[in-house]
Number of protein chains: 2
Amino acid sequence: MISETNIIHNYLKNLTFNNKSSLKLNDDVYYDVNKKIIFSTDTFEEGTHFVKSSNPNKFVKKIFRSAVSDILCKGSRPMVYFLSLSAPKITHKWLNSFCNELKKESKKYGLFLGGGDTVKSKKLSISISVIGETKTKPILRSTARKNDDIYVTGNLGDSFLGLVALKNKTFSIKFKKFFINLYEAPNLPLKFSKHIYKFATSSTDVSDGVIRDLENICSASKCGAKLFFSKIPFSKQALELSRTKKINLYKIFSKGDDYQILFTSNSKNRKLIKFISKKNNTKVSRIGVITSKNGVQMKNGDKIDNLSSIKSGYIHTF
Amino acid sequence: MISETNIIHNYLKNLTFNNKSSLKLNDDVYYDVNKKIIFSTDTFEEGTHFVKSSNPNKFVKKIFRSAVSDILCKGSRPMVYFLSLSAPKITHKWLNSFCNELKKESKKYGLFLGGGDTVKSKKLSISISVIGETKTKPILRSTARKNDDIYVTGNLGDSFLGLVALKNKTFSIKFKKFFINLYEAPNLPLKFSKHIYKFATSSTDVSDGVIRDLENICSASKCGAKLFFSKIPFSKQALELSRTKKINLYKIFSKGDDYQILFTSNSKNRKLIKFISKKNNTKVSRIGVITSKNGVQMKNGDKIDNLSSIKSGYIHTF
């Protein structure tokens with residue numbers, strides 16, 4: 001078994017020829033300082049990244065926002081996207097619905113379609129690449145500093161509960177629609193993202209789960225992190241399910257697909273962040289602190305756990 | 001059945017919001033005049049774009065050159081590439097060989113890896129996106145003019161014969177290795193491509209077959225074309241097979257995968273093109289002329305045939 005991380009660091013990094021714009025493949029983006037662009041590409045497959053392809057209403061928002069999220073979380077402006085569509089037999093009805101969804105999404109986030117490729121395939125697979133414009137230097141993963149505060153926007157875990165509800169038809173919980181909607185159409189912190197260049201020292205989006213994504217920051221920035229479980233943000237709905245013992249919050253907070261922004265900032269910015277959070281009507285929670293130790297720790301009551309994304313997040317293995 | 005062309009023109013074009021950089025999806029590239037970049041993306045699947053994935057030596061050159069070719073044929077410089085790797089279980093041996101091939105290819109064509117994505121999948125599928133730098137305006141498909149000469153570099157049909165030889169183990173022909181090699185490692189006209197901005201009015205690469213690719217120029221430029229079969233360039237090897245009646249050249253010249261450059265130019269540039277062709281040791285053949293009629297015609301001896309890519313080239317249908 002070979003992990004994604006192993007492939008990137010032991011094989012692919014070597015192919016960058018140490019060009020600075022590749023950011024040592026430590027980030028989710030490519031950054032060309034001369035052209036003032038950043039670039040990100042994501043591939044989405046039926047069964048892995050979304051449940052079913054039959055109804056575009058149910059997956060286009062998710063994959064489009066996931067692609068745009070990589071640019072937004074860097075404090076950059078998504079400019080243009082490219083679509084590679086590998087598809088089996090499709091109908092005009094499906095195409096109509098697929099394109100209508102894309103149209104609405106791209107209008108919402110201010111992008112246009114720049115080009116792409118269409119290929120006949122046995123299974124639906126879609127790659128979305130996005131070029132973003134950077135007025136200021138994008139916020140990278142590699143620039144967190146010791147004692148920085150760690151923040152996350154929105155709530156964690158709702159999207160995962162949506163996925164569970166979708167996959168297990170017998171899993172009947174209250175607020176089922178609420179969770180499924182957040183899985184199929186994650187709420188990106190668009191307005192707030194436009195301000196993060198003012199205070200964030202490092203950032204990423206929460207796609208593979210907050211532990212895994214925080215590990216990415218720590219490994220790129222050569223630092224560790226300590227989280228406080230009491231500060232992890234959950235929705236009212238998730239909290240209510242937890243109170244009635246339907247779910248264990250400690251088991252779901254780092255399952256991924258939240259597409260919120262995880263960032264670090266110097267403690268002197270606390271007031272500013274509160275102010276901007278309020279002004280943009282965006283929930284922002286201070287959940288931990290950057291340390292000089294390796295790895296991610298979690299303070300949960302009196303206990304301190306060493307966390308590992310291998311158990312709690314999503315990593316592709318081959 | 002829905003064709004690729006139908007999908008592009010009736011569905012996807014609508015998503016460009018008429019942004020000029022999208023070039024109405026009439027070209028294989030996106031062109032941002034302010035950033036001075038062009039961008040192209042291609043997806044390659046086992047069984048469709050290459051025969052087998054088990055040995056990277058046998059397919060990496062082909063797909064890499066196919067991706068780079070889109071930029072070269074525009075007279076632009078390929079700068080950086082991005083790799084989306086959807087793969088089933090892979091071994092360290094395979095990864096080593098895959099990355100070694102990529103390293104050699106990217107050195108040869110002057111690119112570096114900028115980033116990408118890795119996804120676990122049931123079948124190998126690889127997307128390669130390339131950003132190219134444009135010092136001068138890239139040569140588009142939409143700018144051919146009536147009475148322009150039509151040119152193509154290299155030879156046509158060899159790559160197709162290689163594919164036939166690979167697929168039919170019983171198909172025993174002389175020069176089998178020669179043809180297979182051109183299928184697996186097409187010879188891009190790299191040196192010559194650096195000069196085409198000096199004389200080409202329009203251009204494309206020959207990927208889907210010369211008729212289909214010429215139709216793309218004609219439809220984008222709102223013109224027609226007349227080809228002369230006697231001028232179509234073939235290798236010595238293909239000509240010898242044809243003399244011994246093993247193959248019919250008229251049936252193979254437009255089967256695609258040649259990755260040569262097809263371009264148009266004003267007749268006043270004939271001497272210049274001959275000179276640059278000689279200086280760069282690149283075979284360049286004048287094969288026809290742009291007309292005001294619709295469609296592509298072929299003069300074959302005394303006969304004039306109306307050609308259609310539906311029979312002779314490669315079009316994805318869904």
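Keep in mind the model is a prediction, meaning the values are calculated, not measured. Chain letters run A, B, ... following the sequence lines, proteins first, then strands; residues in each count from 1.
Under 4.0 Å is where a charged nitrogen must lie from a carboxylate oxygen, and between B/Glu101 and B/Lys104 at least one such pair does. Of the charged side-chain nitrogens involved, none lies within less than 4.0 Å of a carboxylate oxygen, so that A/Asp205 and A/Lys74 do not count as a salt-bridged pair.
When heavy atoms are compared at a cutoff of 4.5 Å, A/Ile131 approaches chain B solely by way of its side chain, counted from C-beta outward. Using a 4.5 Å cut-off between heavy atoms, A/Thr41 touches chain B through backbone and side chain atoms alike. When heavy atoms are compared at a cutoff of 4.5 Å, A/Ser129 approaches chain B solely by way of its side chain, counted from C-beta outward. Interface remark: A/Asn96 contributes backbone and side-chain atoms alike to the contact with chain B (heavy atom separation under 4.5 Å). If you measure heavy-atom distances from A/Tyr81 to chain B, the contacts under 4.5 Å come from the side chain alone. Heavy-atom distances place the side chain of A/Asp32, and not its backbone, under 4.5 Å from chain B. Contact of A/Lys13 with chain B is not made at all, since no heavy-atom distance falls under 4.5 Å.
Between the side chain of B/Asp213 and the main chain of B/Gly209, a donor-acceptor pair closer than 3.5 Å is present. Of the possible polar contacts, none joining the B/Ser97 side chain to the B/Lys93 backbone as a donor-acceptor pair under 3.5 Å is found. Between the side chain of A/Ser203 and the backbone N or O of A/Cys73 there is at least one donor-acceptor pair closer than 3.5 Å. For A/Thr16 (side chain) and A/Asn18 (main-chain N/O), a donor-acceptor pair under 3.5 Å exists by modelled atom type. Remark: side-chain polar atoms of A/Ser207 are not paired, donor with acceptor, to backbone N or O of A/Tyr259 under 3.5 angstrom. In this structure a side-chain-to-backbone donor-acceptor pair under 3.5 Å is missing from B/Ser221 to B/Cys218.
In terms of heavy-atom pairs under 4.5 angstrom with chain B, the leader among A/Leu25, A/Thr91, A/Asn19, A/Val80 is A/Asn19. Ranked by heavy-atom pairs shorter than 4.5 Å toward chain B, the options A/Lys103, A/Lys123, A/His92 are led by A/His92. Of the listed residues (A/Cys99, A/Ser125, A/Gly115), the greatest number of heavy-atom pairs within a distance under 4.5 Å of chain B belongs to A/Cys99.
The shortest non-hydrogen separation linking B/Asp257 to B/Ser159 is O-OG, 3.0 Å. When every heavy atom of A/Pro78 is checked against every heavy atom of A/Ser76, the shortest pair comes out as CD-O, 3.5 Å.
Side-chain contact annotation: A/Thr43 with B/Ser86, donor-acceptor N/O pair under 3.5 Å absent.
Scanning residues 132-141 of chain A against chain B with a 4.5 Å heavy-atom cutoff picks out A/Glu133, ordered by number. Listed in order of number, the residues of residues 52-71 of chain B that approach chain A to under 4.5 Å between heavy atoms amount to none.
Residues A/Phe39 and B/Phe82 bring their aromatic ring centres within 6.0 Å.
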In sequence, state the C-alpha distance, the side-chain angles, and the governing distance for B/Ile126 and B/Phe98, and then conclude on side chain to side chain contact (heavy atoms under 4.5 Å, CB included). CA-CA 12 Å; B/Ile126 298 169; B/Phe98 180 71; 3.8 Å; yes
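Using a 4.5 Å cut-off on side-chain heavy atoms (C-beta onward), B/Leu113 and B/Leu83 make contact.
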